[in-house]
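Some notes on the structure that comes next.
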2 protein chains.
Amino acid sequence: MPYDPSAFPPFAVTVDLVVLTVRRHALCALAVRRGEPPFQGRWALPGGFVRADEDLAQAAARELAEETGLRAHDPDAAAQDNGAHLEQLATYGDPKRDPRMRVVSVAHLALAPDLPAPRAGGDANSARWAPVEELLQRGGYGREGELAAPLAFDHAQILADGVERARSKIEYSSLATAFCPAEFTVGELRRVYEAVWGVALDPRNFHRKVTGTPGFLVPTGGTTTRQGGRPAQLFRAGGATLLNPPMLRPEV
Amino acid sequence: MPYDPSAFPPFAVTVDLVVLTVRRHALCALAVRRGEPPFQGRWALPGGFVRADEDLAQAAARELAEETGLRAHDPDAAAQDNGAHLEQLATYGDPKRDPRMRVVSVAHLALAPDLPAPRAGGDANSARWAPVEELLQRGGYGREGELAAPLAFDHAQILADGVERARSKIEYSSLATAFCPAEFTVGELRRVYEAVWGVALDPRNFHRKVTGTPGFLVPTGGTTTRQGGRPAQLFRAGGATLLNPPMLRPEV
DNA sequence: GTGTTTATCGTCAGGGAGACGACTATGATC
DNA sequence: GATCATAGTCGTCTCCCTGACGATAAACAC
C-alpha cells in the first residue's frame with residue numbers, strides 16, 4: 001500500500017507547561033490569562049503550538065523561556081547551571097478538549113527556583129504565580145477574593161498530574177534541589193519538601209538523611225543566616241540523581 | 001487575534017505500542033515486520049494512526065486488540081479481568097523521526113500475560129514475540145541466526161523507555177501481576193520479577209515480602225503443581241496498586 | 001543577659017531486608 | 001517403595017534505616 005497523505009487526519013500539536021516553584025512556603029504554578037476565545041479571560045497553563053521544524057523538548061524549552069526567561073538545562077547535564085529542570089509529563093488528546101479543532105497537547109513539567117516575577121510579554125496582569133491549591137479548587141475564592149474559575153481546557157487535570165509527578169519524584173530523586181537556588185541550606189531544602197508535600201518534617205531526621213546520602217549534597221564551605229537563627233552550611237546539588245534509599249513521604 | 005487555521009503546522013499523530021510479556025523466563029516484546037517503506041522488511045513496534053474521533057487511550061486499546069486480541073482494562077478498574085494493563089508511556093516528536101512527514105507518536109506501554117502466539121492479520125511471519133535484549137542489541141544475531149537489524153524509526157528508544165518504565169514500576173506497584181494469568185503462584189510471580197529485572201531473587205525472602213504486603217495477593221484456596229515440586233498456593237492479584245514499602249531491586 | 005530562632009549532633013527502639021538453615025510435599029528414577 | 005531432585009514455606013539472626021525526641025550551638029532581638 002503506497003503512502004497516502006489523506007490516510008490520516010491532521011492534528012494540531014501544542015506543548016503546555018506546568019511550571020512549579022515554591023514561594024512563601026507554598027507550591028505555586030505559573031498561570032497565564034487567556035486573551036482570546038475559547039475560555040477568554042480564564043486562567044490557563046502557558047503553552048503554544050509546536051513549530052514545523054521543532055522537537056517537542058525544544059518547543060517546551062522555547063515556551064518556558066518566553067514565559068519566564070528561564071533556560072531549560074538538559075536533563076543529562078550536570079548540576080544546577082541556573083537553568084530549570086524540564087521533562088515531558090504526558091500527552092492529552094481527547095477529541096473534545098479544544099472546541100476549535102483537534103489538538104494534541106504534550107504537557108511538560110518544569111521546576112524552577114523562586115523567581116522575581118512573571119514576565120509575560122510585559123503584561124503583569126496576564127501571568128502570575130498561584131498556589132496550586134488555589135488553581136485546583138473549583139469554585140473557591142482566590143487570593144484577591146475573586147471567584148476562582150477552573151483553569152481553561154483540561155488544564156486542571158494537567159496541573160494535577162504535574163503536581164503529582166513532582167510530589168512523587170522528589171521522593172526518589174534529588175529533584176527537589178531544582179526548586180532551590182544554586183546554593184542553599186538544608187533547612188531551605190527541607191522547606192521545599194514541606195511545601196511540595198504539604199507536611200511538616202522533623203528537621204533533625206531530615207538533616208541526617210540528606211547529609212548522609214552520598215552525592216546528594218556538596219558543601220560549598222560557606223554559611224548563611226538568611227533564615228535567621230544559627231548560621232547554616234551552604235550546599236550545592238551533588239551529582240546523584242537517584243536517591244537510594246528514597247526520601248520517605250510521611251503517610252497521610 | 002482571531003483563530004487562524006493556517007497558524008499551526010499539521011501533524012500526523014500515531015500511537016505505538018510497547019507490549020511486554022514474560023516467556024520462557026525472558027522479557028519479550030511484540031514486534032511486527034514492516035510491509036512497506038520506509039524501513040520495509042524491518043521489525044518495528046505495532047502502532048497506527050489515531051483516528052479523527054478517537055482519544056489517545058482508545059486508539060492504543062484498539063491497536064492492542066488488533067495485534068493481540070487483548071482487551072485493555074481500565075487502569076482504574078478492579079483486579080485482573082483477563083485484560084492487559086495499558087498506560088501512556090511518552091511522546092516522540094523529533095521532526096526527522098519519520099522521513100515521510102511530521103509524525104508525533106504517543107507511545108503506550110502494555111503488559112500482558114504469556115499469550116499463545118501473535119496474530120497479526122493471520123500472517124504468522126509478520127509478528128513475533130522477541131526477547132527485548134535481542135531487539136535492543138544492535139547488529140547482533142537474533143534467534144534464528146539472522147543478523148538482527150535495529151528496530152525501525154526511533155522504536156529502539158521507545159522500547160528501551162518502555163522496558164525501563166516496566167522495570168521501575170514493578171518496584172513500587174503491584175503491576176507485576178499483569179504479567180501473570182488470573183491465578184498464579186508466588187513462584188510464578190517471582191519468576192516474573194526475575195525475568196523483568198534480569199536478576200535472581202531469594203525465594204524465601206520474596207515469599208515473605210509478597211505474602212506480607214497487605215492487599216497485594218489474595219489466596220484463592222487452590223493449589224497447583226504445574227511448576228513441579230511441592231504444590232504451591234494459588235493467588236489472585238489483590239486490590240492494592242501501590243506497594244509500600246516497595247519491592248527492592250537488588251543493586252547490580 | 002535573656003529569650004527566640006534555627007542548625008546540628010546524639011541516643012534509643014522498632015521494622016524491614018538480606019543471608020541462610022530447616023522442613024514439607026510433590027514427581028521422577030532406580 | 002526408597003531415594004533423589006525440585007519447589008514451596010516457615011523461622012532465625014543481624015544489620016541498617018527510620019521515627020521520636022533530648023541536648024547543644026550560634027546567631028539576632030530586646
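All chains are named by letter (A, B, ...) in the order of the sequence lines, taking the proteins before the strands, and each is independently numbered beginning at 1. Since this is a predicted model, take the numbers as computed values, not measurements.
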The side-chain contact (heavy atoms from CB on, under 4.5 Å) partners of B/R208 (sequence neighbours excluded) come to B/N205

Taken to the nearest 0.5 Å, the spacing of B/E194 CD from B/H25 NE2 works out to 4.5 Å

The complete set of ring-ring contact (aromatic ring centres under 6.0 Å, His included) pairs with one or both residues in residues 205-247 of chain B, sequence neighbours excluded, reads B/Y193-B/F206

Are the side chain of B/Q88 and the backbone of A/T91 linked by a donor-acceptor contact shorter than 3.5 Å? yes

Taking 4.0 Å as the cut-off, does a side-chain nitrogen or oxygen of B/K209 come that near to OP1 or OP2 on C/dA17?
yes

>> If we count only N and O atoms by modelled type, under 3.5 Å, do the side chains of B/H155 and B/Q157 hold a donor and an acceptor together?
In response: no

What residues 166-175 of chain B contributes to the DNA chain C interface at heavy-atom separation below 4.0 Å is none

B/F206 CZ to C/dA19 P, in whole Å, measures 16 Å

- request: State whether A/H207 places a side-chain N or O below 4.0 Å from either non-bridging phosphate oxygen (OP1 or OP2) of C/dT8.
  value: yes

Looking at A/R165 and A/L89, would you say the former's side chain and the latter's main chain have a donor-acceptor pair under 3.5 Å? yes

- B/R128 NZ/CZ over B/W43 ring centroid, <6.0 Å and within 45° of normal: yes

To the nearest angstrom, the CZ-P distance between A/R208 and D/dC17 comes to 10 Å

One should read off an interatomic distance between A/R249 CZ and A/R167 CZ, to the nearest 0.5 angstrom, of 7.5 Å

Practice problem: Please lay out, stage by stage, how B/D161 and B/Y92 fare under the test side chain to side chain donor-acceptor pair (under 3.5 Å). | Solution: CA-CA 11 Å; B/D161 291 347; B/Y92 301 82; 2.5 Å; yes

**Prompt:** Salt bridge between B/R236 and B/E183, side-chain N to carboxylate O under 4.0 Å?
**Reply:** no

When rounded to whole Å, the CG to C1' distance for the pair B/L201 and D/dG8 reads 15 Å

Axis-to-axis angle across the helix from C/dG1-D/dC30 to C/dC30-D/dG1, five pairs each end, nearest 10 degrees, ~ 10°

Under a 4.0 Å heavy-atom criterion, the protein footprint on nucleotides 22-30 of chain D, written with B, S and -, is BB-BBS---

Whichever of B/Q233 and A/L248 has the more 5' nearest nucleotide on DNA chain D, that residue is B/Q233

Sorted by number, residues from residues 185-196 of chain B placing a heavy atom under 4.0 Å from DNA chain C are none

DNA chain C nearest-nucleotide lookup for B/M247 and A/N205: closer to the 5′ end is A/N205

Separation of C/dG16 atom P from B/L243 atom CG, nearest Å, is 13 Å

